[in-house]
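Each remark here refers to the structure printed beneath this line.
Note that the coordinates shown come from a computational prediction; the quantities given were computed from them, not determined experimentally.
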Amino acid sequence: MARCSSLLLAFCLSTIPAWSQFAQPNGGDLDPGILPAKWTTGGPKCMEIPEWQVHEYNPNVFILRQSGCTDAEMPFLYLFFGKDRGLLWDTGSRRGNLAPTLEHTVHDWLERNHRDQITLIVTHSHSHEDHVFGDAAVQAMNDPAIKIHFVAPTVSAASAFFGVGNWPSTPGQVDLGQRVLNIVPIPGHDDYAIALYDRRTGIVLTGDNLYPGRLYVKDFAAYKASTERLIAFLSDKPVAHILGNHIEQTQTPFKDFPIGSIYHPHEHCLELTFGTLLELEDGLKSMEGAPRRLATRDFTIWPVDPHEHGLGPEMEQIFKQTQAEQVPNKWNQPRH
């Protein structure tokens with residue numbers, strides 16, 4: 001399968017300062033890594049699919065994806081290791097049963113690195129249930145080789161731990177030991193939300209603020225300011241991949257999977273580019289303060305009523321209908 005092509009390349013090259021790039025096409029000083037050609041979703045046969053797909057991006061960075069056979073959200077989790085500590089980004093959604101897979105992955109890393117134990121920081125992209133459901137199970141692991149340092153998904157807890165002095169204006173950071181991860185506050189989808197930048201790999205984690213799918217915007221002004229803040233922070237830094245928490249988009253431009261889908265045949269790739277972030281900023285600016293839905297080939301800006309429970313009756317009906325069609329067939333989905 002072909003890799004995902006870079007988006008808006010010409011626009012990116014004319015916009016990003018030259019000093020945020022490298023002089024030669026040799027990867028610069030970034031730690032290289034590989035993304036899979038295909039992610040596991042939720043079928044066509046759930047009997048054959050594990051609860052979690054674990055992908056080794058490189059020896060110190062792992063990406064975990066929850067199976068749609070367990071929950072339609074299918075969130076991505078990220079695991080970074082430094083010399084002294086590790087960091088887990090999110091704990092998954094309902095019925096995820098993360099703890100056994102997390103323990104296995106960390107123990108394998110410890111064995112390969114001739115280590116007996118490590119402290120694992122557990123933090124979150126934001127506070128929504130599909131990214132914090134595994135918190136209690138992870139905190140209860142009681143594994144002597146894995147000491148958990150839990151950072152609650154709140155502005156106060158994250159600001160204190162990451163050293164964010166003036167939320168959301170100033171960034172913070174955490175040092176895992178020869179691996180500094182920068183933290184940029186990005187409220188708008190949720191009151192508490194952060195992005196993460198890893199200079200070692202050039203990976204940017206954007207949570208639910210940017211991924212291939214429906215970008216639900218609760219607070220438009222905050223979301224627009226967060227997008228601009230993240231762009232400003234990254235303007236002088238090499239960006240290899242922007243990685244979000246979900247994939248809801250198909251490989252067909254402008255077409256997404258219905259909400260509630262557990263099976264994603266012909267799914268969009270996970271990785272986006274700095275150009276996608278610029279495209280998001282451009283779309284938000286085009287609204288001139290009047291939020292509306294705007295579909296691009298790789299994502300849709302989707303403002304929601306902050307006073308309405310959930311995503312509204314229209315989306316609720318689509319969710320119920322999609323679940324009724326797919327969940328009973330999860331052992332043998334119709335192939336597309």
Apply the test ring-ring contact (aromatic ring centres under 6.0 Å, His included) to residues F133 and H128: give CA-CA distance (whole Å), side-chain angles for both, the deciding distance (0.1 Å), then the verdict.
-> CA-CA 9 Å; F133 195 84; H128 290 168; over 10 Å; no
Donor on one side chain, acceptor on other, H107 and D143, under 3.5 Å | yes
Please report the closest heavy-atom contact between S125 and N245, naming both atoms and the distance.
-> OG-ND2, 2.9 Å
Centroid-centroid under 6.0 Å between W167 and Y192 rings | yes
Non-hydrogen side-chain atoms of T276 and F274 separated by less than 4.5 Å = no
Chi angles and distances behind the side-chain contact (heavy atoms from CB on, under 4.5 Å) call for L181, W89 | CA-CA 12 Å; L181 303 177; W89 175 268; over 6 Å; no
Between K330 and Q326, is there a donor-acceptor pair closer than 3.5 Å when you use the side chain of the first and the backbone of the second?
-> no
Do L277 and L230 come close enough that some side-chain heavy atom pair is under 4.5 Å?
-> yes
Any donor-acceptor pair under 3.5 Å linking the side chain of T250 with the backbone of E267?
-> no
Is any side-chain heavy atom of F62 closer than 4.5 Å to a side-chain heavy atom of Y57?
-> no
Please indicate whether Q139 has more than 12 foreign heavy atoms, meaning atoms of other residues, nucleotides or ligands, lying under 6.0 Å from its CD.
-> yes
Any donor-acceptor pair under 3.5 Å from T273 side chain to G275 backbone | yes
Listed pairs under 3.5 Å, donor-acceptor, residues 69-82 side chains, sequence neighbours left out:
from, atom 1, to, atom 2, distance (Å)
T70, OG1, Q66, NE2, 3.0
T70, OG1, S67, O, 2.7
D71, OD1, R94, NE, 3.0
D71, OD1, R95, NH2, 3.2
D71, OD2, E73, N, 3.0
D71, OD2, S93, OG, 3.1
D71, OD2, R94, NH2, 3.4
Y78, OH, G244, O, 2.7

Quick one: does D219's side chain have a donor or acceptor within less than 3.5 Å of a partner on A222's backbone?
-> yes
Check for a donor-acceptor pair, side chain of T91 on one end and backbone N or O of D135 on the other, with a separation under 3.5 Å.
-> yes
To the nearest 0.5 Å, what is the distance between CH2 (W302) and CG (L294)?
-> 12.0 Å
Is it true that W39 and H264 have ring centroids separated by less than 6.0 Å?
-> no
With a 4.5 Å limit on heavy-atom distance, are the side chains of L196 and N182 in contact?
-> no
Counting only heavy atoms not in D116, do more than 12 fall under 6.0 Å of its CG?
-> no
Residues N60 and W109: side-chain donor-acceptor under 3.5 angstrom | yes
List the steps and the verdict of side-chain contact (heavy atoms from CB on, under 4.5 Å) for I194 and L205.
-> CA-CA 9 Å; I194 57 173; L205 303 185; over 6 Å; no
Please walk me through it: do D256 and Q249 pass side chain to side chain donor-acceptor pair (under 3.5 Å)?
-> CA-CA 4 Å; D256 58 6; Q249 206 80 359; over 6 Å; no
ILVMFWY cluster membership beyond I34 - transitive side-chain contacts under 4.5 angstrom | none
Given L87 and L176, is the side-chain contact (heavy atoms from CB on, under 4.5 Å) satisfied, shown in steps?
-> CA-CA 8 Å; L87 181 140; L176 303 183; 4.1 Å; yes
Below 4.5 Å, heavy atoms only, C-beta onward: do V174 and V180 meet side chain to side chain?
-> no
Test log, rule side chain to side chain donor-acceptor pair (under 3.5 Å), inputs H126 and D90 = CA-CA 8 Å; H126 61 295; D90 289 345; 5.3 Å; no
Just do the salt bridge (charged side-chain N to carboxylate O under 4.0 Å, His left out) check on R112 and E56 with the steps written out, would you?
-> CA-CA 13 Å; R112 183 164 65 183; E56 182 179 321; 3.4 Å; yes
Take atom NE2 in H104; do more than 12 heavy atoms of anything else shown fall under 6.0 Å from it?
-> no
Assess whether side-chain contact (heavy atoms from CB on, under 4.5 Å) is satisfied between L102 and L120, documenting all intermediate values.
-> CA-CA 11 Å; L102 177 62; L120 184 65; 4.1 Å; yes
For V217 and F220, which heavy atoms make the closest approach, and how far apart are they?
-> CG1-CA, 3.7 Å
From CD1 (I242) to OH (Y211), nearest 0.5 Å = 15.0 Å
Pairwise distance CZ(R200) to CG(D29) - rounded to 0.5 angstrom | 10.0 Å
Do D208 and H246 touch side chain to side chain, with heavy atoms closer than 4.5 Å?
-> yes
Of all heavy-atom pairs linking K38 and Q53, the shortest is O-NE2, 3.8 Å
Value for CG (L210) from CD (E281), rounded to nearest 0.5 Å, stands at 12.0 Å
May I ask you to check if K218 and Y216 form a cation-pi contact, with NZ or CZ under 6.0 angstrom from the six-membered ring centre and within 45° of the axis?
-> no
Hey, is the main chain of V61 close enough, under 3.5 Å, to the side chain of N58 for a donor-acceptor pair?
-> yes
Give the minimum heavy-atom separation between R65 and T40, together with the two atoms involved.
-> NH1-O, 3.1 Å
Crowded around N142 CG? As in, over 12 foreign heavy atoms under 6.0 Å?
-> no
Hey, is the main chain of P185 close enough, under 3.5 Å, to the side chain of R229 for a donor-acceptor pair?
-> yes
To the nearest 0.5 Å, how far apart are CG in L243 and CG in L35?
-> 6.0 Å
Distance-only, no hydrogens or angles: does the E248 side chain make a donor-acceptor pair with backbone N or O of R214 under 3.5 Å?
-> yes
Has the side chain of T154 got a donor or acceptor atom that lies under 3.5 Å from a matching backbone atom of A157?
-> yes
Does a side-chain heavy-atom distance below 4.5 Å link I259 with L311?
-> yes
Report yes or no: do D108 and T105 form a side-chain donor-acceptor pair below 3.5 Å?
-> no
L88 side chain near I121 side chain, heavy-atom distance below 4.5 Å | no
Checking side chain to side chain donor-acceptor pair (under 3.5 Å) for the pair N209/H189: CA distance, chi angles, key distance, verdict?
-> CA-CA 6 Å; N209 277 49; H189 170 74; 5.5 Å; no
Nearest non-hydrogen partners of T170 and V164, listed with the distance = O-CG1, 3.2 Å
Grab the two heavy atoms, one from P328 and one from Q323, that are nearest each other, plus how far apart they are.
-> CD-O, 3.5 Å
Do any N or O atoms from the side chain of D198 and from the backbone of I203 form a donor-acceptor pair under 3.5 angstrom?
-> no
